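The block underneath contains the structure these notes are about, expressed in structure tokens.
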Amino acid sequence: MLLDPDGRPTAAGKGSLPDAEALLRGLAGMIAARRFNEQAGVLVRQGRLAVYPSSYGQEACQVAAAQVLADGDWLFPTYRDTAAAVARGVDPVEVLGLLKGDWHSGYDPYERNVAPLTTPLATQLPHAVGVAHAARLRGTRTVVLAMCGDGATSEGDFHEALNFAAVFRAPVVFFVQNNQYAISVPLARQSAAPSLAHKGVGYGIPGEHVDGNDLAALLDVLSRAVDRARTGAGPQLVEGRTYRIQAHTNADDATRYRSDDEVTEWAAKDPIARLETYLRAEGILDDTRAAAFAGAAEEVAHRTRDGINRDVEPNPDDLFRFVYAEPTPQLVEQLAMVRDELSREEGHR
Amino acid sequence: MLLDPDGRPTAAGKGSLPDAEALLRGLAGMIAARRFNEQAGVLVRQGRLAVYPSSYGQEACQVAAAQVLADGDWLFPTYRDTAAAVARGVDPVEVLGLLKGDWHSGYDPYERNVAPLTTPLATQLPHAVGVAHAARLRGTRTVVLAMCGDGATSEGDFHEALNFAAVFRAPVVFFVQNNQYAISVPLARQSAAPSLAHKGVGYGIPGEHVDGNDLAALLDVLSRAVDRARTGAGPQLVEGRTYRIQAHTNADDATRYRSDDEVTEWAAKDPIARLETYLRAEGILDDTRAAAFAGAAEEVAHRTRDGINRDVEPNPDDLFRFVYAEPTPQLVEQLAMVRDELSREEGHR
Amino acid sequence: MTTIAVEHETLSTAQALNRALRDALAEDPTVLVFGEDVGPLGGVFRVTDGLTAEFGEDRCFDTPLAEAGIAGFAVGLAMNGMRPVMEMQFDAFAYPAFEQVVSHIAKMRNRTRGRVELPLVMRVPYAGGIGGVEHHCDSSEAYFAHTPGLHVVAPSNPADAYSLLRDAIASPDPVVFLEPKKLYWAKGDVALRSGREPGIGTAVVRRQGTDATLIAYGSSVPVAIEAAEVAARDGRSLQVVDLRSLVPFDDATVCGAVESTGRAVVVAEAAGFASVASEIAARVGERCFHSLSAPVRRVTGFDIPYPPPKLEHLQLPSVDRILDAVDDLQWEDA
Amino acid sequence: MTTIAVEHETLSTAQALNRALRDALAEDPTVLVFGEDVGPLGGVFRVTDGLTAEFGEDRCFDTPLAEAGIAGFAVGLAMNGMRPVMEMQFDAFAYPAFEQVVSHIAKMRNRTRGRVELPLVMRVPYAGGIGGVEHHCDSSEAYFAHTPGLHVVAPSNPADAYSLLRDAIASPDPVVFLEPKKLYWAKGDVALRSGREPGIGTAVVRRQGTDATLIAYGSSVPVAIEAAEVAARDGRSLQVVDLRSLVPFDDATVCGAVESTGRAVVVAEAAGFASVASEIAARVGERCFHSLSAPVRRVTGFDIPYPPPKLEHLQLPSVDRILDAVDDLQWEDA
Ligand SMILES: Cc1ncc(C[n+]2csc(CCOP(=O)(O)OP(=O)(O)O)c2C)c(N)n1
Ligand SMILES: Cc1ncc(C[n+]2csc(CCOP(=O)(O)OP(=O)(O)O)c2C)c(N)n1
Ligand SMILES: [Mg+2]
Ligand SMILES: [Mg+2]
């Protein structure tokens, strides 16, 4: 921890805080991420999104993950990390494509080097190692930051990815957002280790845990991990300890498995309030700037709302267009069948 | 290490060696295991076994794994651990059933509580956890010892098994025989961890490594782990460092990936010679007793040879008898087809 | 064994499954229910609702998030006297367990010459039609049905959901139990019971008909029935067979039905290529060849990854597509 | 693209595959070969023999022992400009990678609307007939062929082994490349080449015939040809189609062949239920219905786990079983 929950620098924090510019960028990012989470929640209630796994309360992790990367680097988000993808510059409407139901991945992964958001947990981690190893073979100095949740650390793919990364010294930073739950399952049912950061030991990978609601600390730890990976020193594991303030998704009922008190306690450690207090206390943030951040966040929310509310007629041809580079004869037939069916329906009207 | 490669007690060894009776039993077991390995090798060369993965050089691990268990306990061997199964009292001919090609598992796993030898690596480890957890639910004080190789630790199933065991505090001892290779792949390509025992840390499981050619040390470490599990203190990970003196199987050409020097160096650390030297030096072992051990080993070899050389006509009905408790209508038809085909062949003769 | 139907209740499929688990847990202390979020939460579809509260943490519990681990753990529990009922949270999330299913669950009895049996159930919420995002709507039955050593069943209504799940738990063999997600909320009359009847392996004719036979299972049965109702209004009499069990396969009922009509359409949601629908079409073609007045037609999902919600209606066999296929059955020859 | 056949050589299947890898590695610096024991050892079947020595550790290398990791690693490499060719050591050891294959390899292009393509190859030594112990003789093609988004090919001779592997590596789509283990040592003439031709997706008539068509692929092709030779001595003229590619499927060649003979037998080693053989029988039944004088018969593995070595001869489609099926094709009607 560099800043305590009340926004005061800790002993460790004094002297090693990221510079003011970085903290301001981070704060702006978090404010936008929070607003994005809220907006997406509204869109779900309005029936415009099928489902939304919110990162409300985890905005420091979301923003830090994006902020520590250079342009050519890669981000591998997990399904909850929509706000991180947005922070990295992916169009917020495209990011929500999956959850709106338009298409599986709404954005071009190569545009900002953000891998597609997908739901099978931990399965993206070996991909991240492959991308990193390819970067090394190609002689680029790309770093890959791969995110997953506390629950996902139990999957075999987590293990295999960390081990491959270690053996090949691939430039990957594994960033576990420990938000204390996997849907309803608490951390204690997920792992008996002293910390998730300890999981690095079995691979010969340095592991570090950090207060995941302390943006300053996250930027510090993740940047060092990214720098280290970039110099060829190999992968690293970072556990950010945070909390999923909202239910798993809108479909979830969190009261079935956790107490209001617990939520309240964590809400008091809010990552945004903490940093804002500090920056105001230091005179780095004033009302004008704060208003500008809120305005920018509103702008993102507005664009999101607008884009999601604009319906694009889905194109049935798309079902068959992207399965292979060239459709198989079988798909050509099947597409003709669908077109025929639709044209007859059309005729009926 | 309790006994050094020359059979002298180390500093640690002095005072904490297992009792003479246990060491004598272990020596007898190792002599029998060695003879069994040699015999199986001969049977392969004679074409009586399809293939044999030898544990030559790893006899201390093989014997210790069996010796530390009580009668009701379970042993989960990996495919190489035929000698461990024999040491546990499974009929040597039945143990080799898989490798002779008669049937997949030649022995009844419930007879000596030894799980079937199968080849998909690490996949037996979650089974071991399930058996252990069932034992706890049923209120028995059963302990499960589950074996695997250094290579198998890279599999996702290894990870998931250790994690389940830790979370459920299941009475399982995971015993990794680190024989330095997975077929041709050396340990360094398998793991970058300081040791395989370190892999316990990420699960909150104590990990210990031990000289896998030192029977005394193995008995000591494994017994303590078994005792601890039996008291309900949870799982443990033990790495035994040993060496696969022979090729992976008869089908392998080990000269392609390792040097003769390396083999020679390890051969000098032979587990049998070491213990024998010590026991003779201490006057615990004399020629009569040694001859008795050799005789018993010869007896096992003899039984093995005899049994494997006796061919049992395979019964085609067996193909269909055990797939389900009751054959499906489909299998009834298919069996009839095979019988019909065979009876027509019979007719032709 | 005899079945004693003790009472009738109107239940949704999810409730019927919940009731089957409850009755099994109550009757047999070796039954264990576990998986991801099946404990206090009661499962994401509430199929295990209330079971931890009623039977305690030892009988219904959450595991770490690892499907291969869950399946392998179930193998060990079953080896040591338990009857595990594990839940895979969604169809596509059963794939990490595939190795355990194919290489151990399906093979253990055979491997050990019947000495080690694995009386376990793998519950898999399957198929689409609920607007689910990628990986939440797969129809994975072909992977299991192709694997010798597994029983594979799929109920199409609450009554079968209850009785097939009771049968599956009572079975000495591993059963992959496919729960059509879109039918979770459909209600129906359920005959509760104690004891068991030999239910796995029998298909049932859901609707009599004389012109053609629709063969369906799981989530496709209600669509097939609806198609038959629509066809009836147009004067065409369609028979509907509900397989219930994919493995074992009830050749007698299926062939009897097809022979009585001379025409057949197979309906299934999964991608058609090398699927259970292929098997049905091939079997019917082999066994009823001379009764057939037209080729056996298949109405299946296309050979594409399951589409996003906005397009899934095109992937699912619809009444229209079924009726188109029926229209194709060369009636001019009739 | 054009093909330039540069020379001919007599090679075993394993050597032809080795040569294909070598030529691909030499032509394209983004091709990478990896897996378990493919480096200094050269693979347990020596298919990668000498490649590490020739191309260096970066191009052909051993990985940790973890198949899901290997497959997932390949996905990432392919996302970042490489053409990975991974080896699964044996058929059954590809199952741990199933999740990666089904949920990512097969779906990535579609998921990203063609933006991310995965030009990767998964080599799988498959099928039996080599006296291998449990888990070393599975025929896993149905699992892959049923999964939309994959190409699935299986050569039946050294020449196709070479050219199909070149095509597979050059393909912009993921290809599951099934290598019939029992044909590794079979020798044949191989046309080496640079460049590529559009080879994936075309079946070939291996032997002309007029009375019935045998449809086979991979390891079953030589058996089908042998059966045709035996039948010829008895005066029956059997045509043999070698599919080569299971996905895409060459309907034109298969239907043309069946229509020309009016009778068909499908031959495949895998368990028959819900298999590729089911698909072929179903397709032929659907598409060639009015040309068929008899039901399409299937000669496949039984629906049992692959047997131990001493009994595997009964599981494998044999010349006798094929000829029995041909005899069954209701010749009295002819
Ligand atoms: C392989 C797999 N199994 C199960 C699921 C269903 N599922 C979706 S989210 C989730 C919990 C994830 O927990 P965690 O990794 O801690 O991430 P968080 O949701 O807390 O961000 C589960 C079980 C899945 N998506 N993938
Ligand atoms: C899942 C799986 N993948 C691959 C193989 C092929 N294989 C057989 S033994 C072996 C090496 C095993 O190494 P290790 O675990 O160290 O055991 P050892 O052979 O040294 O006893 C491999 C790769 C297998 N049996 N199972
Ligand atoms: Mg979490
Ligand atoms: Mg080893």
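Just so it is clear, the model here is predicted, and its values are computed rather than measured. Reminder, nothing fancy here: chain letters follow the sequence lines and each chain counts from 1. The analysis underlying the following values was restricted to heavy atoms, covering all of them including side chains, and did not include hydrogens, waters or symmetry mates.
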| said: side chain to side chain contact (heavy atoms under 4.5 Å, CB included) for D:F98 and C:V102? Distances and angles first, verdict last. | reply: CA-CA 11 Å; D:F98 196 66; C:V102 174; over 6 Å; no
| task | Step by step, work out the side chain to side chain contact (heavy atoms under 4.5 Å, CB included) result for D:H146 and C:H146. | result | CA-CA 11 Å; D:H146 177 61; C:H146 178 60; over 6 Å; no
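Atom NZ of D:K107 sits about 4.5 Å away from atom CG of C:D138, to the nearest 0.5 Å.
Contact count against chain D (heavy-atom pairs under 4.5 Å) is highest for C:S275 among C:A277, C:S275, C:A281. For chain D, the option among C:F273, C:Y95, C:F249 with the highest count of heavy-atom pairs below 4.5 Å is C:F273. Comparing C:F302, C:Y306, C:F289 by how many heavy-atom pairs each has under 4.5 Å with chain D, the most go to C:F289.
The closest side-chain heavy-atom distance from D:E67 to C:E99 is not below 4.5 Å. Using a 4.5 Å cut-off on side-chain heavy atoms (C-beta onward), C:Y143 and D:T147 make contact. With contacts defined as side-chain heavy-atom distances shorter than 4.5 Å, the pair D:H290/C:Q330 qualifies. Using a 4.5 Å heavy-atom cutoff, the side chains of C:R111 and D:P305 are not in contact.
For D:A274 against C:E279, the heavy-atom pair with the smallest separation is N-OE1, 2.8 Å.
In this structure, chain C has no heavy atom under 4.5 Å from any part of D:R287. Of the atoms belonging to C:R283, heavy atoms from both backbone and side chain fall under 4.5 Å from chain D. Using a 4.5 Å cut-off between heavy atoms, C:V247 contacts chain D through its side chain alone, with no backbone atom that close. Only the side chain of C:E134 comes within less than 4.5 Å of a heavy atom in chain D; its backbone stays farther off. For a residue to count as touching a neighbouring chain, one of its non-hydrogen atoms must lie under 4.5 Å from one of that chain's; by this rule C:L292 touches chain D with backbone and side chain alike. Neither the backbone nor the side chain of C:F93 comes within contact range of chain D; no heavy atom of the residue lies under 4.5 Å from a heavy atom of that chain.
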